[in-house]
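Because only heavy atoms are used, hydrogens play no part in the values below, and waters and symmetry mates are left out as well, while side chains stay in.
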Amino acid sequence: MSNARIEYDPSVVEAKWRARWQVLRTNEPDLDHAPRPFYNLMMFPYPSAEGLHVGNLFAFTGADVFGRFKRMQGWNVFEPIGFDAFGIHSENFALRMGMHPAELIPRNIANFTRQLSGMGGMFAWDHSLSTTDPRYYKWTQWIFLQLFQRGLAYKKKGAVNWCPTDKTVLANEQVIAGACERCGSMVELRVLEQWYFRITDYAERLLRNLDDPAKMDWSASTVLAQKNWIGRSEGAEIRFRVAGRDDITIPVYTTRPDTLFGATFLVLAPEHPSVDSITSSSARASVEGYRAEVSTRDLVSRKVGDKEKSGVFVGAHVVNPATGREIPVWIADYVLMDYGTGAIMAVPGHDERDFIFAARFGLPIVRVVANEHETADTPIEVAYVDLEHGRMVNSGVFDGMVPVDAKRSITQWLEAQDHGAGSVQYRLYDWCISRQRYWGPPIPIIYCDQCGPVPVPEDQLPVLLPPIEDFRPDDSGVSPLARHAAWYHAPCPRCGGPGRRETDVSDTFLDSAWYFLRYPSTDFDDRPFDADRTRRWLPVPSYIGGNEHAVLHLLYARFITMVLHDAGLLPFEEPFRRFRAHGLIIKDGAKMSKSKGNVVNPDDYIVRWGADTLRTYLMFLGPYQEGGDFRDAGISGPRRFLDRIWELVSAAMDPDCRDAEIHRDVLIKWHQTKERVTADLESLHYNTAIAALMGLVNALREQNCSEHGVVSELVQMTAPFAPHFAEECWGRLGHAASVFDSAWPAHDDALTVSDDVTIVVQVNGKVRGNLIVARSADEAVVRRMAQQEDGVRRHLAGKTIRRTVYVPGRLVNFVVH
RNA sequence: GCUCGGGUGGCGAAAUGGGCAGACGCAGGGGACUUAAAAUCCCCGGGGGGAAACCCCAUGCGGGUUCAAAUCCCGCCCCGAGCACCA
């Protein structure tokens with residue numbers, strides 16, 4: 001047979017099947033009639049100029065393997081891909097290259113498309129999208145309007161980091177030690193009007209659903225990150241009366257109302273609105289000086305801990321409602337205006353930060369909790385913060401209680417006395433969505449002197465981003481769009497009078513907060529997502545992505561989905577049923593990044609080894625959900641593995657290999673492998689699935705077996721990892737249709753257990769021999785045989801067996817003294 | 001500082017309702033084939049001792065529970081990621 005000698009040439013095989021998939025529309029499911037829809041989602045990339053590196057490919061391949069597996073299990077898999085191409089990254093890169101992002105992005109997308117189809121992804125290209133396409137961002141703007149109409153979008157002043165050299169707003173992570181990460185100049189704090197989304201209204205629901213298995217099955221690490229980010233805490237809001245004033249009380253939020261008797265001063269954020277009215281005339285100069293000093297500091301250094309505490313006395317006192325004593329009021333920048341009420345009761349005895357502050361400024365420290373070795377008068381050396389242990393002291397009628405109980409009792413007492421009430425707070429902030437930049441979707445609002453901010457009517461969307469040449473941000477803090485007069489001036493949609501467009505664009509996280517809703521409906525221009533399509537394909541049964549998006553992207557997507565659900569536009573409130581975080585590829589001990597100079601470009605590997613070999617190698621080098629170490633040398637193993645399957649296929653093409661007899665050992669190994677690989681693919685344990693397939697290949701070679709049915713199923717199980725290769729092998733074996741339209745191999749439980757088992761024989765827990773017995777052998781026989789093993793007999797000689805431990809099918813352990 | 005991961009051969013890693021530690025693979029050594037090399041195929045391979053049969057030690061470190069611990073418990077050390085004055 002002549003074609004048995006054909007060598008495996010990946011470049012030929014891969015080009016052939018990529019072309020065939022495209023012609024046959026193999027990867028384009030019927031979105032309207034698919035009987036078993038399965039939406040296989042992965043995080044879409046930002047199309048950088050550098051192209052995909054193998055770290056990106058690792059992520060996409062793992063998701064693609066899962067989609068291909070599901071398809072072979074009979075699902076109609078929809079696996080779309082798109083491009084998250086708006087944002088500061090593209091804009092900054094374009095600025096650096098002296099290009100316009102509108103020119104740059106299509107080029108990058110073309111390169112990404114080439115790479116993504118080259119890796120053999122099962123992508124439904126007909127439904128690809130780019131967030132920069134007006135056909136897409138029209139609906140991003142529409143989503144903004146949905147929130148605006150429901151009162152969930154609002155404007156307020158917010159502090160931002162401002163780089164005076166780059167003349168731009170910086171995100172907190174772009175500020176390193178108070179300096180701009182790009183130019184190194186010191187960052188200033190500016191207060192600008194910003195658009196916000198009221199995500200905090202949804203904090204409780206966003207938190208609660210995380211624990212609802214009917215709605216969400218997510219990686220534990222991701223759930224935890226979201227819980228921490230939402231940061232729910234329970235405590236009380238307590239009102240403090242200002243001494244000598246009837247018109248003003250100051251509410252504080254505390255998680256430790258039980259320590260109220262130990263509150264020896266109050267601290268307000270420097271920006272707190274009551275500061276002006278309570279500051280005494282003698283303190284005014286120092287208060288003003290302190291506030292001015294604080295306001296020049298950037299947001300990051302303001303928030304970073306482990307620095308000297310600073311603050312000033314405002315010259316006023318409040319009354320502690322528990323003790324009736326007057327306590328001083330200070331302002332200090334360790335209290336943040338945007339958490340709780342912007343004011344705290346300081347309990348230096350039982351809070352580390354208050355303790356440091358009190359020690360620095362000589363403020364009194366009172367103990368209100370004591371453990372069993374301490375009394376009410378034991379001086380406090382370090383803040384005692386344990387809520388579970390110890391007893392209340394110096395706390396009037398609450399003395400003797402455990403702090404957790406006192407927390408409840410004192411809250412009740414406060415409510416009864418009308419001094420406050422139990423309260424729940426969240427660490428989560430409202431989502432600031434405005435960006436004073438160019439490369440994003442304009443926020444669809446027109447300001448009118450008569451009507452105020454007016455939403456752009458839906459039928460006038462999209463508000464196109466004008467193609468201006470000078471999109472460089474300037475010193476004004478106003479978006480570059482404001483300089484484009486023809487665009488900036490627009491009539492008020494309500495009264496027709498002169499109006500001005502909102503010049504901020506929206507955050508890229510808004511683009512990516514709904515892209516999964518758009519994919520199935522990219523062919524409709526009159527609606528963002530079609531109701532029938534959405535009902536058929538969503539919520540997403542499998543979403544795979546990086547944990548770097550554990551909080552922001554995934555939380556925002558959940559929030560937007562919830563809002564659209566409440567608006568009656570979606571039949572579900574959680575968009576992703578199952579989410580799994582993949583790991584990271586490490587190279588030379590570090591995460592792959594351009595700044596580290598350890599980026600590996602997959603193109604060279606695909607040319608040298610083939611995409612199928614690279615895919616298999618990436619999935620083999622470590623557990624998918626943990627990542628692994630990329631080393632050049634390792635890739636030859638997976639290639640040898642494919643070569644050996646190719647040889648088995650060549651042999652199996654011989655008619656004599658049909659229905660040939662299968663050695664019992666091979667038969668068992670075959671069924672064990674099917675069971676193992678199926679379970680491993682389901683749980684994303686790709687590295688061990690490949691190891692099992694290698695084991696089957698080794699067994700077939702040892703037994704000289706290339707039975708047609710076994711080799712066919714081996715090829716099927718290899719298909720998710722090496723799709724082009726498997727198609728070619730499948731064809732060579734004489735199967736007509738695509739391997740991806742074949743049914744996933746089933747195993748026979750009865751054939752997954754071997755007839756014989758190896759029993760380990762131990763004496764005092766140390767292995768001294770082993771024996772092979774029939775699985776069905778009974779205990780007495782096994783014990784007797786075990787005692788007669790040479791090594792065992794030697795170690796039992798002259799000793800008395802005190803006890804025998806027998807684990808069926810596993811071991812016998814003789815305990816002697 | 002807090003939270004979450006993770007420390008197993010020369011290397012990537014397997015094995016956790018406790019039960020032969022190192023499956024599978026890379027690199028390495030030896031052999032076959034070849035005039036030779038590459039490719040391919042076969043064999044070896046944690047450390048120590050021993051001629052060998054065998055014996056001892058070994059899953060970051062120190063304790064503990066158990067007939068039996070990589071796996072469970074207590075106390076440390078190191079690495080990675082995230083959060084970071086959230087009252």
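Between the OH atom of Tyr686(A) and the P atom of A23(B) there is a distance of 25 Å, rounded to whole Å. Summarising the geometry, the separation between OH on Tyr617(A) and P on C24(B) is reported as 18 Å, rounded to the nearest angstrom. The separation between Asn687(A) atom CG and G12(B) atom C1' is 10 Å, rounded to whole Å. The separation between Arg676(A) atom CZ and A15(B) atom P is 6 Å, rounded to whole Å. For the pair Leu268(A) CG and A87(B) P, the computed distance is 18 Å after rounding to whole Å. Summarising the geometry, the separation between CG on Leu693(A) and P on C24(B) is reported as 14 Å, rounded to the nearest angstrom. Protein atom CH2 of Trp646(A) is 17 Å distant from nucleotide atom C1' of A39(B), rounded to whole Å. Atom CG of Leu771(A) and atom C1' of C20(B) are 12 Å apart (whole Å).
Base orientation of G9(B): syn, the glycosidic angle falling within 90° of 0.
Side-chain nitrogen and oxygen atoms of Arg639(A) include none within less than 4.0 Å of the OP1 or OP2 phosphate oxygen of G25(B). Of the side-chain N and O atoms in Arg640(A), one or more sit less than 4.0 angstrom from OP1 or OP2 of C26(B). Distances shown here put every side-chain N or O of Tyr253(A) at or beyond 4.0 Å from the OP1 or OP2 atom of A87(B). Close to C41(B), at under 4.0 Å from its OP1 or OP2, lies a side-chain N or O of Arg644(A). Between His795(A) and C55(B) there is a side-chain polar atom (N or O) within less than 4.0 angstrom of OP1 or OP2. One finds no side-chain N or O of Arg631(A) lying less than 4.0 angstrom from the OP1 or OP2 phosphate oxygen of G25(B).
Rounded to the nearest Å, the gap between the C1' atom of G46(B) and that of U59(B) is 11 Å. Spacing of C1' atoms, G75(B) relative to G17(B), comes out at 27 Å, to the nearest Å. Nucleotides A15(B) and G22(B), compared at atom C1', are 8 Å apart to the nearest Å. Between the P atoms of G48(B) and A58(B), the separation comes to 15 Å (whole Å). Separating the C1' atom of A14(B) from that of U8(B) is a span of 10 Å, rounded to the nearest Å. For the P atoms, the distance linking G6(B) with C73(B) amounts to 13 Å, nearest Å. For the P atoms, the distance from C67(B) to G80(B) is 41 Å, rounded to whole Å. For G60(B) and C56(B), the C1' atoms lie 22 Å apart once the distance is rounded to whole Å.
Arg794(A) comes within contact range of the sugar-phosphate backbone alone, with a heavy-atom separation under 4.0 Å but no base atom that close. Looking at heavy-atom distances under 4.0 Å, Asn698(A) makes contact with sugar-phosphate atoms alone, never a base. At a threshold of 4.0 angstrom between heavy atoms, the contacts of Ser233(A) are confined to the sugar-phosphate backbone, with no base atom among them. Across all strands shown, Leu811(A) has heavy atoms under 4.0 Å from base atoms, whether or not it also approaches the sugar-phosphate. Across all strands shown, Arg232(A) has no heavy atoms under 4.0 Å from either base or sugar-phosphate atoms. Using a 4.0 Å heavy-atom distance criterion, Ala633(A) is classed as a sugar-phosphate-only contact.
You'll find the side chain of Pro348(A) stays beyond 4.5 Å of the side chain of Leu363(A), heavy atoms only. Inter-residue side-chain proximity for Ile759(A) and Val812(A) is flagged as met; some heavy-atom pair is nearer than 4.5 Å. Side-chain contact check for Trp431(A) versus Thr200(A): every heavy-atom pair is 4.5 Å or farther apart.
Judged by Watson-Crick or G-U wobble contacts below 3.5 Å, the nucleotide U3(B) has A81(B) as its partner. Applying the Watson-Crick and G-U wobble criteria (two distances, each under 3.5 Å), C33(B) pairs with nothing in any strand. When Watson-Crick and G-U wobble pairs are counted only if both distances are under 3.5 Å, G28(B) pairs with C44(B). Checking C72(B) for Watson-Crick or G-U wobble geometry (two distances, each under 3.5 Å) identifies G64(B) as its partner.
How far CD1 of Ile586(A) is from CZ of Phe630(A): 13.0 Å, rounded to the nearest 0.5 Å. Taken to the nearest 0.5 Å, the CE atom of Met694(A) stands 10.0 Å off from the OG1 atom of Thr718(A).
Comparing U3(B), C20(B), G19(B) by their closest approach to the side chain of Leu224(A) singles out U3(B). Considering only side-chain atoms of Thr688(A), the nucleotide from C20(B), A87(B), A15(B) that sits closest is A15(B). Distance from the side chain of Ser636(A) is smallest to C26(B) among G19(B), C26(B), A87(B). Side-chain proximity of Val815(A) to the nucleotides C67(B), A87(B), G19(B) is greatest for C67(B). Among the nucleotides C67(B), C42(B), C24(B), the one closest to any side-chain atom of Arg701(A) is C42(B).
Judged by a 6.0 Å distance limit and a 45° cone about the ring axis, Lys309(A) is not positioned over the six-membered ring of Phe357(A).
Residue order along RNA chain B, read from the 5' end via each residue's closest nucleotide, puts Asn228(A) first among Asn228(A) and Lys766(A). Of the residues near RNA chain B, Arg803(A) and Trp229(A), the one whose nearest nucleotide (by heavy atom distance) lies more toward the 5' end is Arg803(A).
For Ser683(A) and Tyr624(A), the side-chain atoms include no donor-acceptor pair closer than 3.5 Å.
Between Arg580(A) and the choices Asn547(A), Asp217(A), Thr222(A), the side chain to side chain donor-acceptor pair (under 3.5 Å) rule is met once, by Asp217(A).
If you check distances only, the side chain of Gln762(A) does reach the base of G19(B) with a donor-acceptor pair under 3.5 Å.
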